[in-house]
Amino acid sequence: MPDKNMPEYNLLDELKWRGLIHQCTDEDGLAKILATGPQAVYIGFDPTADSLHVGSMMQLMMLRRFQQAGHRPIALVGGATGMIGDPSGKSEERNLLSADQLQKNITGVAAQMRQFLHFHDDEQDHDGNQQSNGAVLLNNFEWMSGYSYLEFLRDVGKSFPVGAMMGKESVRSRLDSEAGLSYTEFSYMLLQAYDFVHLSREHGCLIQAGGSDQWGNITAGIDLGRRMLGRQLFGITAPLLTTSDGRKMGKTESGAIWLDPARTSPYQFYQYWRNVDDADVMRCIAYLTEIQRVEYEELAEATQADPGRRVAQNRLAEWLTEFVHGEDGLVNALRASKMLFGGEIGVQSDASLGEIFADVPSREVSREKLDGEGYWIVEALQDAGLVASGGEGRRAVKGGGVYVNNIRANDEKQCLDVSNLASATVMVLRKGKKNYALLRFV
RNA sequence: GGGGGUUUGCCCGAGUGGUUAAAGGGGGCGGACUGUAAAUCCGCUGGCUACGCCUACACAGGUUCGAAUCCUGUAGCCCCCA
């Protein structure tokens with residue numbers, strides 16, 4: 001139950017001002033059932049990796065917002081559907097995952113969801129009311145694996161007009177393309193549609209949310225619900241998180257931004273958000289954070305007035321980093337940012353350097369290199385992996401793009417020795433603005 | 001099956017038998033400026049044990065003191081005729 005003492009808060013209004021409603025099957029109907037009491041809401045997650053990335057954050061935050069409004073979120077991981085692969089928005093047939101990999105992915109993803117959702121029914125709220133909207137994690141493999149092909153065709157396939165399937169954008173675009181569409185992928189829609197029916201029947205779930213690319217799958221589920229159960233289901237989609245020029249957010253040249261700190265360190269995560277374009281930052285804040293409307297307006301105004309200060313970017317980066325990686329993660333990210341974008345790196349301890357430069361690639365080099373005539377800087381750059389060849393290294397130094405402990409080195413013949421160490425065993429090399437590498441002398 | 005054309009560095013694209021490691025552009029990488037931005041401007045952009053050496057203009061051979069540039073063959077792409 002929603003906390004009676006909380007200020008009355010209308011979920012749909014909240015979603016609306018945040019721009020989170022892209023499409024909705026029956027908004028008035030949805031508003032009505034939301035008003036009647038707690039509802040179960042489901043969003044499906046594709047376990048394609050053992051970590052979620054920022055693309056899934058939208059969906060998780062969506063569930064979280066529902067939960068905060070007193071509703072029960074159902075996070076569905078697609079153990080079964082993941083074996084098939086959703087063709088929506090994909091230009092090619094997907095590789096199927098092995099059962100082992102799938103299990104690993106589900107475990108990893110489920111752990112991350114705890115950051116966003118409360119999974120247990122709380123004992124009682126302070127009015128003594130039973131809190132009963134703990135999130136539920138389900139895996140559709142549970143009900144799909146035992147379903148025989150024949151039964152499925154009789155129960156589900158029978159209620160599925162091919163004409164409607166052919167009309168879906170996801171199918172059509174693939175049929176017209178060269179890549180084509182396999183029967184397996186074509187059938188994906190039936191599985192997801194059936195999930196909705198199953199959840200409706202077993203968990204009383206009437207609402208499915210998702211990204212706008214899920215519209216076709218969601219409406220398929222709604223149709224199936226009407227046919228099989230004679231029940232009115234609802235669908236709501238959020239816009240995709242894209243940049244102002246239409247590219248998906250959360251991707252960099254070097255890959256996706258993950259929630260798992262082992263894949264994307266808090267520092268990288270923080271930096272990604274801090275560098276969001278002015279044109280995109282307010283949308284990110286609305287979509288991904290719980291920053292309230294008043295502050296949102298202030299940030300928008302501040303950005304408009306003086307974009308150079310980047311108050312909105314900083315706030316976004318700090319909010320998200322703390323939310324996903326905790327206070328420690330944020331502190332580390334801030335410390336590393338300060339060091340990496342600051343001036344000269346003075347003498348540090350090995351431990352603190354190691355922590356700050358946790359993301360930075362490091363190589364071990366024999367300490368003897370520093371003896372005698374020293375360690376030629378070009379060779380050091382190569383050993384650190386910052387340049388591919390000696391020639392490139394020389395050019396980089398000549399062009400003024402190489403720094404040792406953040407001090408520019410401009411002599412290509414320079415040799416490094418013990419005095420260039422930033423800590424007992426570590427030297428910090430940098431090429432250009434942001435390319436760091438550590439050398440550990442052992 | 002016959003005839004013609006084309007093939008250049010990460011990509012596009014110039015190229016005279018002799019400073020051609022190959023014009024120009026794009027991209028990439030540095031630098032300046034800036035907001036750890038965009039735009040702009042500047043430099044670099046085959047390798048090396050480096051004032052020198054090596055490998056490069058589809059591939060293999062040949063003609064030349066000398067070839068990306070001429071000849072022959074092979075392969076890829078394009079066009080025309082049957």
Side-chain angles (χ1 to χ4, degrees), chain A residues 242-247 249-255 257 264-285 298-321 329-345 356-361 368-369 372-416 428-437:
Chain A
T242 55
T243 61
S244 49
D245 49 350
R247 285 166 304 138
M249 283 202 70
K251 293 251 154 70
T252 64
E253 314 76 53
S254 43
I257 303 289
T264 300
S265 71
Y267 165 74
Q268 289 168 322
F269 186 86
Y270 172 84
Q271 284 292 327
Y272 178 80
W273 297 111
R274 203 186 148 133
N275 284 315
V276 166
D277 198 274
D278 295 345
D280 302 318
V281 66
M282 292 319 296
R283 221 148 21 89
C284 289
I285 289 178
E298 286 168 8
L299 289 170
E301 215 169 287
T303 300
Q304 185 94 38
D306 185 1
R309 279 174 55 224
R310 305 214 295 175
V311 268
Q313 279 91 339
N314 286 326
R315 181 77 170 101
L316 172 69
E318 284 178 23
W319 196 96
L320 284 174
T321 308
L330 175 60
V331 168
N332 282 336
L334 288 172
R335 264 208 326 179
S337 300
K338 211 167 161 190
M339 173 78 73
L340 266 53
F341 290 95
E344 179 176 339
I345 296 173
I356 289 167
F357 289 90
D359 312 322
V360 164
E368 291 157 23
K369 296 260 194 190
E373 294 185 1
Y375 188 22
W376 185 32
I377 187 162
V378 173
E379 193 185 343
L381 288 170
Q382 280 193 85
D383 290 345
L386 286 174
V387 297
S389 71
E392 193 187 332
R394 284 163 188 270
R395 276 181 247 121
V397 178
K398 266 194 248 177
V402 171
Y403 307 76
V404 178
N405 303 329
N406 273 353
I407 305 167
R408 178 174 281 166
N410 33 32
D411 177 9
E412 71 187 273
K413 297 222 165 78
Q414 184 181 349
C415 287
L416 305 167
V428 182
L429 294 180
R430 173 182 141 208
K431 185 185 81 126
K433 258 197 162 70
K434 300 177 188 177
N435 303 306
Y436 280 89

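Worth knowing before you read on, the calculation uses all heavy atoms, side chains too, and leaves out hydrogens, waters and symmetry mates. Convention: sequence-line order gives letters A, B, ...; per-chain numbering from 1.
- Q313(A) and D278(A) form a side-chain donor-acceptor contact under 3.5 Å, judged by distance and modelled atom types alone.
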Before giving the answer on side-chain contact (heavy atoms from CB on, under 4.5 Å), spell out for I377(A) and L429(A) the whole-Å C-alpha distance, their side-chain angles and the decisive distance to 0.1 Å. CA-CA 10 Å; I377(A) 187 162; L429(A) 294 180; 5.5 Å; no
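- The gap from the C1' atom of rU16(B) to that of rC29(B) amounts to 33 Å, rounded to the nearest Å.
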side-chain contact (heavy atoms from CB on, under 4.5 Å) between Q304(A) and E301(A): does it pass, once the steps are laid out? CA-CA 5 Å; Q304(A) 185 94 38; E301(A) 215 169 287; 5.6 Å; no
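- Within a 6.0 Å sphere centred on CZ of R335(A), other residues, nucleotides and ligands contribute more than 12 heavy atoms.
- Comparing rG3(B) with rG17(B), their P atoms are spaced 28 Å from each other, to the whole Å.
- Comparing the P positions of rA37(B) and rA32(B) gives a spacing of 12 Å, expressed to the nearest Å.
- Annotation: rG46(B) and rA50(B) have their C1' atoms spaced 14 Å apart (nearest Å).
- Nucleotide rC29(B) holds its P atom 16 Å from the CG atom of L381(A), rounded to whole Å.
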Does the pair N406(A) and M339(A) meet the rule for a side-chain contact (heavy atoms from CB on, under 4.5 Å), with working shown? CA-CA 9 Å; N406(A) 273 353; M339(A) 173 78 73; 5.9 Å; no
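- The shortest side-chain heavy-atom distance between Q271(A) and K434(A) does not fall under the 4.5 Å cut-off.
- Atom C1' of rG25(B) sits at a distance of 36 Å from the matching atom of rG73(B), rounded to the whole Å.
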Secondary-structure notation, RNA chain B, from Watson-Crick and G-U pairs under 3.5 angstrom (| other strand): ((((((((.[[[..)..(.....]]]((((((.......))))))(((...)))...[[[[[..)....]]]]]))))))).
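- Using atom P as the reference point in both rG61(B) and rA67(B), the two lie 14 Å apart (nearest Å).
- Distance E392(A) CD to rG9(B) P: 20 Å, rounded to the nearest Å.
- Two residues are said to be in side-chain contact when any heavy atoms from C-beta on lie closer than 4.5 Å; L381(A) and R394(A) fail this criterion.
- In this structure, the CD atom of E379(A) is 15 Å from the C1' atom of rA50(B), given to the nearest Å.
- Closest approach of T242(A) to M249(A), counting heavy atoms only: C-CG, 3.7 Å.
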Restricting to nitrogen or oxygen on both sides, can you table the protein-nucleotides 54-56 of chain B pairs closer than 3.5 Å?
none

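- Base orientation of rC33(B): anti, the glycosidic angle falling outside 90° of 0.
- At a threshold of 4.5 Å between non-hydrogen side-chain atoms, the residues Y267(A) and N332(A) do not count as touching.
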N/O contacts under 3.5 Å, protein versus nucleotides 30-38 of chain B?
residue, atom, partner, partner atom, Å
rG30(B), OP1, N435(A), ND2, 2.6
rG30(B), O2', G399(A), O, 3.3
rG30(B), O2', G401(A), N, 3.4
rG31(B), OP1, Y403(A), OH, 3.1
rG31(B), O3', R408(A), NH2, 3.1
rA32(B), OP1, R408(A), NH2, 3.2
rU34(B), O4, K433(A), NZ, 3.3
rG35(B), O4', G308(A), O, 3.2
rG35(B), O6, D278(A), OD2, 3.4
rG35(B), N1, D278(A), OD1, 3.4
rG35(B), N1, D278(A), OD2, 2.7
rG35(B), N2, D278(A), OD1, 2.7
rU36(B), O2', N275(A), OD1, 3.2
rU36(B), O2, Q271(A), OE1, 3.0
rU36(B), N3, Q271(A), OE1, 2.8
rU36(B), N3, Q271(A), NE2, 3.2
rU36(B), O4, Q271(A), NE2, 3.2
rU36(B), O4, R274(A), NE, 2.9
rU36(B), O4, R274(A), NH1, 2.8

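- Put simply, S389(A) has no side-chain N or O that comes within less than 4.0 Å of OP1 or OP2 on rG46(B).
- rG15(B) and rC65(B) are spaced 28 Å apart, taking the P atom of each and rounding to whole Å.
- The same atom, P, is picked in rG66(B) and in rU19(B); the two are 15 Å apart, to the nearest Å.
- Using a 4.5 Å cut-off on side-chain heavy atoms (C-beta onward), N314(A) and Y270(A) make contact.
- In this structure, Y272(A) contributes its side chain and I257(A) its backbone to no donor-acceptor pair below 3.5 Å.
- Taking both residues in full, the closest heavy atoms of A302(A) and V311(A) are given as CB-CG2, 3.4 Å, listed atom of the first, atom of the second, then distance.
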